[in-house]
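Computed over heavy atoms, backbone and side chain alike; hydrogens, waters and symmetry mates excluded. Ligands are counted one by one from 1 in listed order, and the atoms in each one are counted from 1 as well.
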Amino acid sequence: MSDSIVSDPSSFLVELFGLNNRVAIVTGAAGQLGGEYVRTLLSAGACVAAFDVNLDNPKSILSKINSKRLLTLEVDITDKKSVQRGLEEVLSHFGTLNILINNAAIDAPPNATDQETGPFETYPERSWQIMMDVNLKGMFICCQILGGYMASKCGGSIINISSIYGVLSPDQRIYAYRSIEKPFFKPVAYSVSKAGVLGLTKYLATYWASKNVRVNALILGGVFNNQDEIFIKNYSNKVPLGRMAWQYEYNGAILFLASDASSYMTGSALVIDGGYSAW
Ligand SMILES: NC(=O)c1ccc[n+]([C@@H]2O[C@H](COP(=O)([O-])OP(=O)(O)OC[C@H]3O[C@@H](n4cnc5c(N)ncnc54)[C@H](O)[C@@H]3O)[C@@H](O)[C@H]2O)c1
């Protein structure tokens with residue numbers, strides 16, 4: 001490696017961050033951030049399988065990507081059989097699996113009622129269940145089936161997506177302006193599920209260390225997504241860098257954790273939040 005640094009800096013970087021001959025799965029790939037991760041992994045040379053339960057998501061950029069190394073599959077991560085079928089498709093197309101980005105999640109359900117985003121005291125058990133099913137059970141199933149394959153074959157890298165709300169309580173004051181009569185609260189199940197992601201990450205990092213499967217988490221801050229001006233101002237006031245993240249600002253961390261650049265890293269959580277958690 002040292003020779004290549006001297007003669008050709010770009011080949012040094014390719015060796016460090018390149019993903020040629022690697023196969024990756026991104027869950028929730030039709031969402032705002034999932035599409036970014038797909039683009040990043042393809043650019044680094046990987047073959048990528050994009051899993052999503054809703055491939056018609058209007059946010060999706062998958063149909064705009066023209067690459068023979070992209071396979072798009074309808075997969076529901078809460079359904080073991082669906083994930084197993086997804087793995088079989090990936091293996092028949094690409095022959096192996098080395099990278100898993102567990103990105104799919106829901107926040108408040110898309111059809112959230114006032115009650116579901118209301119006070120903790122009346123937060124419905126059903127909403128708790130739905131969010132736990134996707135954000136935690138779905139990730140558990142993907143680790144079990146997809147990570148299990150990696151552990152039984154060639155090792156690899158698993159990246160579990162958490163949130164600042166998995167390590168810090170949401171400041172409900174930044175949401176309260178929305179309605180005085182029916183106040184909005186960031187749902188408790190989102191925080192608890194994202195905290196659980198960190199537990200799952202540490203558990204599997206040690207469990208699969210001897211199988212050469214590295215398991216790390218990303219703790220992400222809020223991303224610009226057409227929120228209203230008051231929310232953006234309220235949120236940005238809490239961020240030392242003074243703004244929300246652009247959706248492409250997590251791609252570098254994905255590439256780092258997916259590639260050999262992070263070969264000595266497992267059981268860790270990288271915080272990327274514009275400094276939100278620093279004060
Ligand atoms: N956007 C943010 O501000 C932010 C901040 C911190 C953390 N995160 C985390 O980043 C990840 C991606 O967030 P996003 O903003 O891109 O979300 P998004 O809602 O845009 O995308 C999520 C995708 O997951 C898919 N999905 C939902 N349930 C599924 C299931 N059962 N099976 C398969 N796919 C399913 C959805 O169809 C959607 O396409 C999430 O884990 C989220 O918690 C996001």
Between Ser82 and Asp76, is a side-chain hydrogen bond (donor to acceptor under 3.5 Å, both in side chains) present by the stated rule, with each step listed?
CA-CA 6 Å; Ser82 178; Asp76 179 352; over 6 Å; no
So, do Phe224 and Trp246 have ring centers that fall under 6.0 Å from each other?
yes
Does the separation of the ring centres of Tyr235 and Tyr276 fall below 6.0 angstrom?
yes
Per-pair distances, 0.1 Å, donor-acceptor, side chain in residues 204-211, under 3.5 Å, sequence neighbours excluded:
{"unit_1": "Thr206", "atom_1": "OG1", "unit_2": "Tyr203", "atom_2": "O", "d": "3.0"}

Taking the basic N atoms (NZ, or NE/NH1/NH2) and the acidic carboxylate oxygens, is any pair closer than 4.0 Å for Asp260 and Arg214?
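Salt bridge absent between Asp260 and Arg214.
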Ring-face cation of Lys233 near Phe231 (centre distance under 6.0 Å, axis angle within 45°):
no
Dump all N/O pairs between ligand 1 and the protein below 3.5 Å as a table: atom names plus distance, one pair per row.
{"unit_1": "ligand 1", "atom_1": "3 (O)", "unit_2": "Val223", "atom_2": "N", "d": "2.9"}
{"unit_1": "ligand 1", "atom_1": "16 (O)", "unit_2": "Gln32", "atom_2": "N", "d": "3.3"}
{"unit_1": "ligand 1", "atom_1": "16 (O)", "unit_2": "Leu33", "atom_2": "N", "d": "2.8"}
{"unit_1": "ligand 1", "atom_1": "20 (O)", "unit_2": "Gln32", "atom_2": "N", "d": "2.9"}
{"unit_1": "ligand 1", "atom_1": "20 (O)", "unit_2": "Lys59", "atom_2": "NZ", "d": "2.9"}
{"unit_1": "ligand 1", "atom_1": "31 (N)", "unit_2": "Asp76", "atom_2": "OD1", "d": "2.9"}
{"unit_1": "ligand 1", "atom_1": "32 (N)", "unit_2": "Ile77", "atom_2": "N", "d": "3.0"}
{"unit_1": "ligand 1", "atom_1": "34 (N)", "unit_2": "Val53", "atom_2": "N", "d": "3.3"}
{"unit_1": "ligand 1", "atom_1": "37 (O)", "unit_2": "Asp52", "atom_2": "OD1", "d": "2.6"}
{"unit_1": "ligand 1", "atom_1": "39 (O)", "unit_2": "Gly31", "atom_2": "N", "d": "3.2"}
{"unit_1": "ligand 1", "atom_1": "39 (O)", "unit_2": "Asp52", "atom_2": "OD1", "d": "3.4"}
{"unit_1": "ligand 1", "atom_1": "39 (O)", "unit_2": "Asp52", "atom_2": "OD2", "d": "2.7"}
{"unit_1": "ligand 1", "atom_1": "39 (O)", "unit_2": "Asn57", "atom_2": "ND2", "d": "2.9"}
{"unit_1": "ligand 1", "atom_1": "41 (O)", "unit_2": "Asn103", "atom_2": "O", "d": "2.8"}
{"unit_1": "ligand 1", "atom_1": "41 (O)", "unit_2": "Lys194", "atom_2": "NZ", "d": "2.8"}
{"unit_1": "ligand 1", "atom_1": "43 (O)", "unit_2": "Tyr190", "atom_2": "OH", "d": "2.6"}
{"unit_1": "ligand 1", "atom_1": "43 (O)", "unit_2": "Lys194", "atom_2": "NZ", "d": "3.0"}

